[in-house]
Amino acid sequence: MSTTSAPSEEKPPTKAKFAFPSALTVLVIVTVAVWLLAFLVPSGQYDRDRAGAPVEGTYHRVDSGQSFVDRLNDLFLSPVNGLYGIQDEKTALVAPDNTGALYGSAGVFLFVLAIGAFITVVFATGALDRGIGRLAHRLRERGALLIAGVMVVFSLLGTVEGFAEETLGFYGLIVPLMLALGYDRMTAVGVIILGAGVGVLCSTVNPFATGVASSAAGISLGDGIVLRSAMWIVLTGVTVAYVIRYAQRVRRDPERSLSGFLPGDRDRDHDRVSDDDSDVPELTGLHKAVLVTTGLVFAFMIFSVVPWSSALTGKADATPYGFELGWSFPQLAALFLCAAVLVGLVARMGEQRLSSTIIQGAADFVSPALVILLARGVTTIMNNSKITDTVLHSIEGVVKGTSSGLFAVIVFLVNLPLAFLIPSTSGHATLAMPILAPLADFAGVSRAVVVTAWQAASGWMNLWVPTTAVTIGGVALAKVGYDKYLRFVWPLLVVLAVLICGFVALGAVAT
């Protein structure tokens with residue numbers, strides 16, 4: 001007996017959604033594109049002063065002297081040169097087996113892995129999570145103070161260590177707490193994304209933004225810290241006030257919520273928040289010791305990199321004080337490796353767990369480290385084909401006709417689309433700074449101002465662009481529509497952009 005089965009319905013093929021390529025993929029594309037453009041862009045160079053900076057008005061055409069095989073070899077070795085390429089003292093060409101100064105980003109590469117290990121060890125202790133949880137619980141009956149307290153902590157972490165992706169773990173705590181206090185889910189999104197984001201935007205010593213950019217610009221991590229600190233205080237205050245104003249408006253009139261409320265969001269007594277401490281993890285003595293140790297490590301890092309004589313006297317060429325350390329990336333990499341071990345010992349993690357956590361932390365940060373060396377590899381192609389100075393010369397005329405304040409604003413604006421294409425701050429900095437830093441010399445502006453304008457552009461874009469996991473992941477975890485988030489954040493973005501332009505223009509004029 002034969003049976004026939006009903007034909008199954010054929011589902012129409014689903015179209016694959018477009019996903020913006022990763023920073024690594026973007027930089028590979030940029031590498032190939034720059035290599036091809038090097039065949040079309042004429043080679044040339046500036047005369048250099050003793051410090052190696054280009055001398056304005058001395059640009060002249062030269063022959064690169066490269067054959068097609070030489071150029072092909074540069075493309076093939078670009079990641080290697082980006083890591084440990086050596087620049088020949090006579091020819092200025094970069095190759096792994098040359099004799100001369102290190103051109104690659106090996107120091108920054110190791111520094112990123114070291115701080116990745118340190119941050120991972122700190123999070124593995126649970127001290128930071130519990131510290132923020134205890135802060136939220138203590139301020140649970142004072143909504144505005146709670147919002148301000150959590151945002152300032154997030155902003156402080158953002159400005160000193162680039163606290164961003166780590167915020168994704170706090171939505172499970174902050175969202176229910178905001179709802180219990182009578183606010184909405186958008187308030188929680190503002191507290192987390194904008195709190196950490198404005199800190200990264202105003203990075204003072206953030207190694208992944210300020211650190212990498214300063215290294216690429218050839219200046220100290222501490223240069224410009226006064227301007228960046230002032231920006232951090234003002235912009236953090238404005239952002240906190242913006243979120244509190246919205247939160248209080250929603251609490252008075254829930255109908256004004258931009259995110260709306262899901263079933264169950266309003267089924268709470270908003271006038272009383274439970275005093276039960278059973279759900280709040282205890283902050284033990286070990287956790288407190290870890291938090292203190294972590295704070296001291298970052299405080300010492302700031303002390304070690306700040307040029308105190310210049311900062312206190314206002315003179316760039318001031319004689320360094322005897323207590324100044326003048327540390328750079330090699331010393332900082334060693335500092336964070338030692339600090340990771342120290343935190344592990346304080347937390348009593350044990351040898352096996354500490355070793356595996358350090359290794360895992362370094363592994364987790366390989367991606368941004370690879371982005372740095374790929375971006376540096378692009379600059380080696382430009383250097384060897386002698387087109388870097390040609391690109392610089394093409395912009396020199398524009399710089400000549402602008403005031404120093406306007407130049408700083410232009411640097412901010414120019415970097416906005418670059419930040420969209422390359423959401424990795426490290427890759428963006430390594431790629432852009434070799435061009436932007438010499439332009440500052442032509443404009444008579446401190447290179448530190450250019451670093452500040454660049455990182456502000458990168459941070460401002462990362463507050464809203466859909467190519468960042470922090471923004472898209474955050475609104476998804478909070479169950480808030482991305483379009484609603486844009487409606488919430490755009491007035492603040494305008495205010496921040498105006499303030500940033502004002503700060504960088506003032507900083508340029510002052511220098």
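For clarity, every value in this text was computed on a predicted model and none was experimentally measured.
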Nearest heavy-atom contact between Ser203 and Gly158 is OG-O, 4.1 Å
query: Side chains of Met151 and Thr236: closer than 4.5 Å at any heavy-atom pair?
result: no
Discussion item. Do Leu221 and Trp327 have side chains that approach each other closer than 4.5 Å (heavy atoms only, starting at C-beta)?
Written reply: no
Does either side chain, that of Thr159 or that of Thr204, offer a donor lying less than 3.5 Å from an acceptor on the other one? yes
* Asked: Would you say Phe407 and Val449 make side-chain contact, with heavy atoms under 4.5 Å?
  -> no
**Request:** Check whether any side-chain heavy atom of Ser328 lies under 4.5 Å from a side-chain heavy atom of Gln331, and answer yes or no.
**Result:** yes
In terms of ring plane angle, is the pair Phe365 and Phe208 parallel, tilted or perpendicular, where the classes change at 30° and 60°?
-> parallel
Notebook entry, point to check: Are Gln455 and Asn206 close enough that a side-chain donor and a side-chain acceptor fall under 3.5 Å?
Noted result: no
Between the side chains of Ser78 and Thr31, is a donor N or O closer than 3.5 angstrom to an acceptor N or O? no
*If you count the non-hydrogen atoms of other residues, nucleotides and ligands that lie under 6.0 Å from CZ in Phe323, is the total more than 12?*
yes
- prompt: Hey, does the side chain of Thr390 reach the backbone of Pro42 with a donor-acceptor pair shorter than 3.5 angstrom?
  reply: yes
Keeping Arg376 on the side-chain end and Ala216 on the backbone end, is there a donor-acceptor pair under 3.5 Å? no
Margin query: Between Trp35 and Arg71 (side chain of the first, backbone of the second, donor and acceptor by atom type, cut-off under 3.5 Å), is there such a pair?
Written below: yes
State, with a plain yes or no, whether a side-chain heavy atom of Thr380 is found less than 4.5 Å away from one of Asp74.
no
Output for pair (His60 NE2, Ser43 OG), nearest 0.5 Å, gives 10.0 Å
dist Leu374:CG -> Leu27:CG (nearest 0.5 Å) comes out at 6.0 Å
Review point. Under 4.5 Å between any side-chain heavy atoms of Trp464 and Trp490, yes or no?
Key: no
One should read off an interatomic distance between Leu75 CG and Asp70 CG, to the nearest 0.5 angstrom, of 13.0 Å
Extract all donor-acceptor atom pairs below 3.5 Å that involve side chains of residues 294-301 and protein atoms in other chains or at least two apart in sequence.
residue : atom : partner : partner atom : Å
Thr294  : OG1  : Val290  : O            : 2.8

Note: Ser385 and Gln66 closest approach over all heavy atoms is CA-OE1, 3.4 Å
Point to revise | Side chain proximity check, Pro438 to Arg447, heavy atoms < 4.5 angstrom | key: yes
To the nearest 0.5 Å, atom OH of Tyr171 lies from atom CD1 of Ile192 at 4.5 Å
Residues passing the side chain to side chain donor-acceptor pair (under 3.5 Å) test with Asn383, sequence neighbours excluded, are Gln87
Under the side-chain contact (heavy atoms from CB on, under 4.5 Å) rule, what do Val495 and Val498 come out as? Steps first, then yes or no, please. CA-CA 5 Å; Val495 173; Val498 172; 6.0 Å; no
message: I'd like to know if the side chain of Asn384 and the backbone of Val94 have a donor-acceptor N/O pair within less than 3.5 Å.
response: yes
*asked:* Could you check whether any side-chain N or O of Asn98 sits under 3.5 Å from a backbone N or O of Ile86, counting only pairs where one atom can act as donor and the other as acceptor?
replied: yes
| Is the closest side-chain heavy-atom distance between Met433 and Val451 below 4.5 Å? | yes
For Arg228, the salt bridge (charged side-chain N to carboxylate O under 4.0 Å, His left out) test, sequence neighbours excluded, returns none
Are the aromatic ring centres of Tyr242 and Phe488 under 6.0 angstrom apart?
yes
Smallest heavy-atom separation, Thr471 atom then Asn462 atom, equals OG1-O, 3.3 Å
Taken to the nearest 0.5 Å, the spacing of Ile29 CD1 from Leu24 CG works out to 11.5 Å
Smallest heavy-atom separation, Leu463 atom then Gly197 atom, equals CD2-CA, 3.6 Å
Donor-acceptor pairs are to be reported for all side-chain atoms of residues 499-510 against protein atoms at under 3.5 Å, with residues two or more places apart or in another chain.
none

Rounding to 0.5 Å, atoms OG1 (Thr239) and CG (Leu235) come to a distance of 6.0 Å
Across all chains, not counting sequence neighbours, the salt bridge (charged side-chain N to carboxylate O under 4.0 Å, His left out) partners of Asp389 are Arg48
Side-chain donor-acceptor contacts of residues 105-125 below 3.5 Å, not counting sequence neighbours, with atom names and distances?
residue : atom : partner : partner atom : Å
Ser105  : OG   : Gly82   : O            : 2.8
Thr120  : OG1  : Gly116  : O            : 2.7
Thr125  : OG1  : Val122  : O            : 2.6
Thr125  : OG1  : Ala127  : N            : 3.3

